[in-house]
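Here the structure is laid out as structure tokens; the discussion comes afterwards.
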Amino acid sequence: IWSGKDQKNANQPAATGQKRPRNDAGNKVTVVLGAQWGDEGKGKVVDLLATEADIVCRCQGGNNAGHTVVVDGKEYDFHLLPSGIINPKSISLIGNGVVIHLPGLFEEGDKNDKKGLKGWEKRLIVSDRAHLVFDFHQVVDGLQETERQAQEGKNIGTTKKGIGPAYSSKASRTGLRVCDLLGDFKDFSTRFKNLVQQYQSMYPSLTVDVEDQLKKLKEFAERLRPMVRDGVYYMYEALHGPPKKILVEGANAALLDIDFGTYPFVTSSNCTVGGACTGLGIPPMNIGDVFGVAKAYTTRVGIGAFPTEQLNAIGELLQTRGHEVGVTTGRKRRCGWLDLVIVRYAHMINGFTAIALTKLDILDVLDEIKVGVAYKLNGKRIPHFPANMDVLQKVEVEYETFPGWKTDTSAARKWNDLPVKAQNYIRFIENHIGVPIKWVGVGKSRECMIQMF
Ligand code: GDP
Ligand code: IMO
Ligand code: MG
């Protein structure tokens with residue numbers, strides 16, 4: 001009955017002579033996920049794969065994400081739109097697990113339209129089960145940050161895009177979904193007013209021009225209507241029709257995951273592999289390759305423990321050379337050495353089939369390079385990643401030190417073009433995580449990606 005490690009066809013019925021339906025697994029999706037605290041270069045990896053993809057999906061998060069793609073010298077940044085929207089031959093899908101701020105969505109589309117991204121509205125599909133982020137959710141996000149600062153002397157450093165409040169509405173079952181907006185508008189208006197009232201009772205300073213909001217939402221509803229589908233059925237057909245290349249673009253990252261991240265300094269969705277199933281309504285058996293994206297060093301935006309952070313000249317060098325500025329908020333990203341403890345932890349949860357290691361070129365000028373390989377507590381190595389933030393603040397990082405290669409790698413296009421010292425650095429990372437590195441990034445643009453196998 002139980003499928004053992006090597007048991008094949010475990011779910012096939014015993015030969016009883018009766019005809020039984022066959023469990024046709026269908027197509028598999030390829031998932032791209034952040035393995036650190038975000039901004040690892042997921043957009044770039046998705047863009048690379050999206051050139052051949054039929055469908056590119058977002059399954060969680062909202063416009064707190066900021067994914068940069070550079071094609072033919074033109075830089076695009078995507079927040080809610082899947083990065084695959086660049087490919088005129090592929091369909092982009094926003095799944096039920098995403099929270100959508102409609103003004104943000106259309107503003108993003110229109111901005112990219114001006115850059116030459118024509119016809120995006122015709123290539124976008126939006127799940128009718130996705131929840132909506134309203135303007136007041138964004139205001140509340142700001143009010144909650146002020147409250148945290150006043151109560152605890154620190155906030156989370158959210159993107160103020162209303163992500164936390166919108167997922168809170170979803171969990172407390174007062175949220176409104178795309179299907180509600182497109183249904184009976186009178187009913188929608190009543191529920192919208194109730195939701196506003198709830199938030200106003202929690203935050204008396206919150207003012208909302210309800211009529212103006214409803215008027216705008218009604219307009220957005222008509223612009224959105226042609227794109228809306230039953231996301232579950234759309235994915236079912238895509239998985240069980242003719243062979244299709246389907247890509248899932250993770251937003252945020254493992255260490256920002258609501259369950260597994262550095263809670264409470266996290267976002268409000270599951271940015272690990274389970275989010276692909278719940279955020280699209282697809283079975284686990286349809287998950288194929290899971291690619292983890294990790295930078296050759298570590299960055300973090302916002303507050304929270306960061307054991308390998310370098311609050312010194314090294315951190316500053318990584319920040320300036322790496323242009324480490326948030327795409328969504330314009331904040332400087334905090335920088336430090338590559339922390340393999342967190343990447344291994346991300347692998348425990350996600351089961352990466354391969355890794356994309358980005359921004360190797362940023363390390364080109366360093367005399368020596370360090371990599372965090374273990375955490376110690378009271379002088380003893382710990383095998384797990386601590387759940388408690390106070391504990392994580394206290395860990396001592398054990399480093400492995402490598403000589404720098406002091407060579408410009410930005411023109412490298414294949415493994416052999418890389419200096420031996422850089423090759424050793426990559427091989428060490430691969431062996432330490434126990435996952436093959438499939439790509440190495442040496443620059444911003446599409447062609448600056450060395451494919452290893
Ligand atoms: P995402 O949120 O994971 O999609 O990543 P972001 O777009 O927020 O941040 C990654 C930044 O690094 C972007 O500005 C990319 O253009 C840039 N980038 C990605 N890969 C590389 C690389 O290999 N080398 C360099 N120099 N820049 C890269
Ligand atoms: P991409 O997809 C980096 C961080 C915020 C904050 C915390 C909570 O570009 O990698 P939120 O607004 O989600 O409630 O903020 O999570 N954060 C990110 N940091 N990259 C992201 O996305 C992020 N999405 C959220 O800075 O610390
Ligand atoms: Mg980003």
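Atoms within a ligand are numbered from 1 in the order they appear, just like the ligands themselves.
- Residue contacts to the Mg ion (ligand 3): G66 brings an N, O or S atom closer than 2.8 Å.
- Within the 4.0 Å heavy-atom criterion, both parts of T68, backbone and side chain, lie near ligand 1.
- With F402 as the aromatic partner, K370 does not meet the cation-pi criteria of under 6.0 angstrom to the ring centre and within 45 degrees of the ring axis.
- Among A296, G66, A35, the residue whose heavy atom lies closest to atom 8 (O) of ligand 1 is G66.
- Protein heavy atom closest to atom 5 (C) of ligand 2, with residue, atom name and distance, is G157 O, 3.6 Å.
- Some N or O of R331 is nearer than 3.5 Å to an N or O of ligand 2, by distance alone.
- Of all the heavy atoms of K44, the ones lying under 4.0 Å from any atom of ligand 1 belong exclusively to the side chain.
- For F220, the ring-ring contact (aromatic ring centres under 6.0 Å, His included) partners at least two apart in sequence or on another chain are F106.
- When non-hydrogen atoms are compared, ligand 1 lies under 4.0 Å from neither the backbone nor the side chain of V293.
- Residue-level proximity to ligand 1 for H79 is absent, since no heavy atom of it falls below 4.0 angstrom.
- Taking the Mg ion (ligand 3) as reference, D39 places its N/O/S atom OD1 nearest.
- Among the atoms of N64, some N or O lies under 3.5 angstrom from an N or O of ligand 2.
- Contacts between D39 and ligand 1, counted as non-hydrogen atom pairs separated by less than 4.0 Å, involve both the backbone and the side chain.
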